[in-house]
2 protein chains.
Amino acid sequence: MTDPELAARAPLTKERVLRAAIVLADEGGIEALTMRRLAEALGAEAMSLYYHVSGKDGVLDGIAEVVAQEISEAAGQIREQGSWKATARARILAAREVLLRHQWAPGVLASRSQPVPAVLGYHDALVGLMRAGGLSYDLIHHGLHALGSRAIGFSQELFDPGAGPVQPDQLTQLAAALPHLAGMLAEVAHDDPESTLGWCDDQTEFEFGLDLILDGLDRARVR
Amino acid sequence: MTDPELAARAPLTKERVLRAAIVLADEGGIEALTMRRLAEALGAEAMSLYYHVSGKDGVLDGIAEVVAQEISEAAGQIREQGSWKATARARILAAREVLLRHQWAPGVLASRSQPVPAVLGYHDALVGLMRAGGLSYDLIHHGLHALGSRAIGFSQELFDPGAGPVQPDQLTQLAAALPHLAGMLAEVAHDDPESTLGWCDDQTEFEFGLDLILDGLDRARVR
DNA sequence: ACCTGAACACCGTTCAAGT
DNA sequence: ACCTGAACACCGTTCAAGT
């Protein structure tokens, strides 16, 4: 108790372990999160973690739940808008802001063998919102699947064509093998030459896809 | 040459290595694909692989390209339908059939630091199809982002509410904490009590989401 | 040209032991 | 109750060596 060596480090708790794990994943991606590095970040040995969490899967379950709670809370701050669609849109964009700070989250959530409680809670609120907006349970069910991870603000891209601005000489090379893609790129890049993000703005594209789905669901609603 | 010991195993080639890697990933998931197990499946030592591929990332790049080619070829078999939308739909569903045999593919494709050539080729054809259908390059660009991994037949789900049929007693438990989800489940499960897949049919849900996006894009087209 | 063995720096985890 | 050291079965990879 009075020994400075023992008092030097706060005792481990499950909460401290999970918070440190999230910091590691945020900063170095999910592959930076190892039991050994996590322990080191906490000033402990790897084996000490096992007293507070049930192995690495326990850590992943835990951080999934913490982030899902954060998403739920952010969405909960959104007040009712003029329509179910506007409210759902605002809630999902609020969720996305959280997710942008935890980009590893969709993969971890999808990899859990048991449903993550706070994710269910988030979707429960979404179902309630859509039901109150006049959508049938059947349509809502299809809608949740159609949204998939987009419901929490994430859309999986297969390649990043906007890794950098397209150079004219790259375009001519591209045109031979991929004429349609090159044609599209040339025009889209020309329309927005100022874009510092390259020619794709993630946020704009996310909102476009989200609106496409929400609009489609609203149109399918029986009025 | 006449020594049976030496003749016992076909020499390694990049193609054989990649084919074996795909079999491993198909059968045991992407985490079953390790350099050591891959070598073992080929009757060689782990270090021998490095002569044919540039490490594990080279294997991942390689299998990503092979599967993307398979997807491209499957889509290429589809002949023109009555509209761009019908053709795109049929091509994407053909891609999905390939993907269902290689469920690890979306994750691997998304994890590549360089674009996978055959994925670009597949998207190039899709762009051409949409352009011929009267969509502007700008709309096509948004459309590709809106589709994301759905363009090759994959939709990321955050949880699998259809892991099994919902039991009545589970529903009452659920209803307390998640009233809206429970209400939806009760109705959807009731509507289709025969479903052996639980209450969610992946294929149906995939097609619903796909049509929502394709219909939305077609509607946004200037006619 | 093609393949390998030994070795290194990592993983997650078990188990017996410390305080 | 809480933490640790040694050890085990795995990883990917480098490097020098074999044929």
Side-chain angles (χ1 to χ4, degrees), chain A residues 1-25 27-64 104 107-108 111-114, chain B residues 1-25 27-64 104 107-108 111-114:
Chain A
M1 196 177 195
T2 52
D3 186 333
E5 281 270 282
L6 288 173
R9 168 170 73 58
L12 295 179
T13 62
K14 181 166 183 177
E15 204 209 327
R16 285 193 68 223
V17 170
L18 297 182
R19 275 211 314 257
I22 288 173
V23 169
L24 275 182
E27 290 176 353
I30 196 66
E31 77 278 5
L33 174 57
T34 71
M35 296 301 275
R36 286 170 143 97
R37 279 193 257 186
L38 178 52
E40 194 188 14
L42 290 160
E45 297 301 318
M47 295 316 106
S48 309
L49 303 175
Y50 286 77
Y51 192 82
H52 303 278
V53 292
S54 59
K56 178 133 191 201
D57 248 11
V59 173
L60 295 177
D61 286 341
I63 63 176
W104 45 267
V108 171
S111 74
R112 300 303 81 209
S113 55
Q114 296 295 322
Chain B
M1 195 180 195
T2 52
D3 186 334
E5 280 271 283
L6 288 173
R9 168 169 71 59
L12 295 180
T13 62
K14 181 166 182 177
E15 204 209 326
R16 286 192 67 224
V17 170
L18 296 181
R19 274 212 313 258
I22 289 173
V23 170
L24 276 183
E27 289 176 353
I30 196 64
E31 76 278 5
L33 174 56
T34 73
M35 297 301 275
R36 287 169 143 99
R37 277 194 258 188
L38 178 52
E40 194 188 14
L42 289 161
E45 297 301 317
M47 295 314 107
S48 309
L49 303 175
Y50 286 77
Y51 192 82
H52 302 278
V53 293
S54 60
K56 178 134 191 199
D57 249 9
V59 173
L60 295 177
D61 286 340
I63 63 175
W104 44 268
V108 171
S111 75
R112 300 304 82 208
S113 56
Q114 296 296 322

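These numbers come from the heavy atoms of this one structure, side chains and all, not from hydrogens, waters or symmetry mates. Quantities reported herein were computed from a predicted structural model and do not represent experimental measurements.
D:dC10 atom P lies 17 Å from atom CG of B:Leu33, rounded to whole Å. Look at NZ on A:Lys56: it is 15 Å from P on C:dC10, rounded to the nearest Å. As a whole-Å value, the separation of B:Glu45 CD from D:dT19 P is 15 Å. Atom CD in A:Glu31 sits about 17 Å away from atom C1' in C:dG12, given to the nearest Å. Taking atom CD of B:Glu40 as the reference point, atom P of D:dC10 lies 10 Å away to the nearest angstrom. Regarding A:Leu38, its CG atom lies at a distance of 12 Å from the P atom of C:dT13, rounded to whole Å. Taking atom CE on A:Met35 and atom C1' on D:dC11, their separation rounds to 17 Å, with Å as the unit.
In this structure, B:Arg36 and B:Leu12 both approach DNA chain C, and ranking their closest nucleotides by distance from the 5' end singles out B:Leu12.
Residue B:Met47 is in base contact, counting any heavy-atom pair closer than 4.0 Å across all strands shown. B:Thr34 comes within 4.0 angstrom of sugar-phosphate atoms only, judged by non-hydrogen atoms across all strands, and of no base.
Look at D:dG18: its Watson-Crick or wobble partner, with both distances under 3.5 angstrom, is C:dC2. The pairing partner recorded for C:dC11 is none, the criterion being a Watson-Crick or G-U wobble arrangement whose two distances lie under 3.5 angstrom.
For A:His52 and D:dC3, the shortest distance from a side-chain N or O to OP1 or OP2 is below 4.0 Å. Taking side-chain N and O atoms only, A:Tyr50 has no distance below 4.0 Å to OP1 or OP2 of C:dT14. B:Arg37 has a side-chain polar atom (N or O) that falls below the 4.0 Å cut-off from OP1 or OP2 of D:dC11.
Residues A:Glu31 and A:Arg37 share a closest heavy-atom pair of O-NH2, 4.0 Å.
The side chain of A:Pro11 approaches D:dC3 more closely than any other nucleotide in the set D:dC3, C:dC3, D:dG12. Picking from C:dA1, C:dT4, C:dT13 the nucleotide with the shortest atom distance to the side chain of B:Tyr51 gives C:dA1. Listed candidates were D:dT13, C:dC3, D:dT4. Nearest to the side chain of B:Ser48 is C:dC3.
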Residue pair B:Glu15, B:Arg19: steps toward the salt bridge (charged side-chain N to carboxylate O under 4.0 Å, His left out) verdict: CA-CA 6 Å; B:Glu15 204 209 326; B:Arg19 274 212 313 258; 2.8 Å; yes
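Between B:Arg16 and B:Leu42 there is a side-chain heavy-atom pair separated by less than 4.5 Å. Side chains of B:Val59 and B:Leu49 form no contact here, defined as non-hydrogen atoms less than 4.5 Å apart. The shortest distance between side-chain heavy atoms of A:Asp61 and A:Val53 does not fall below 4.5 Å.
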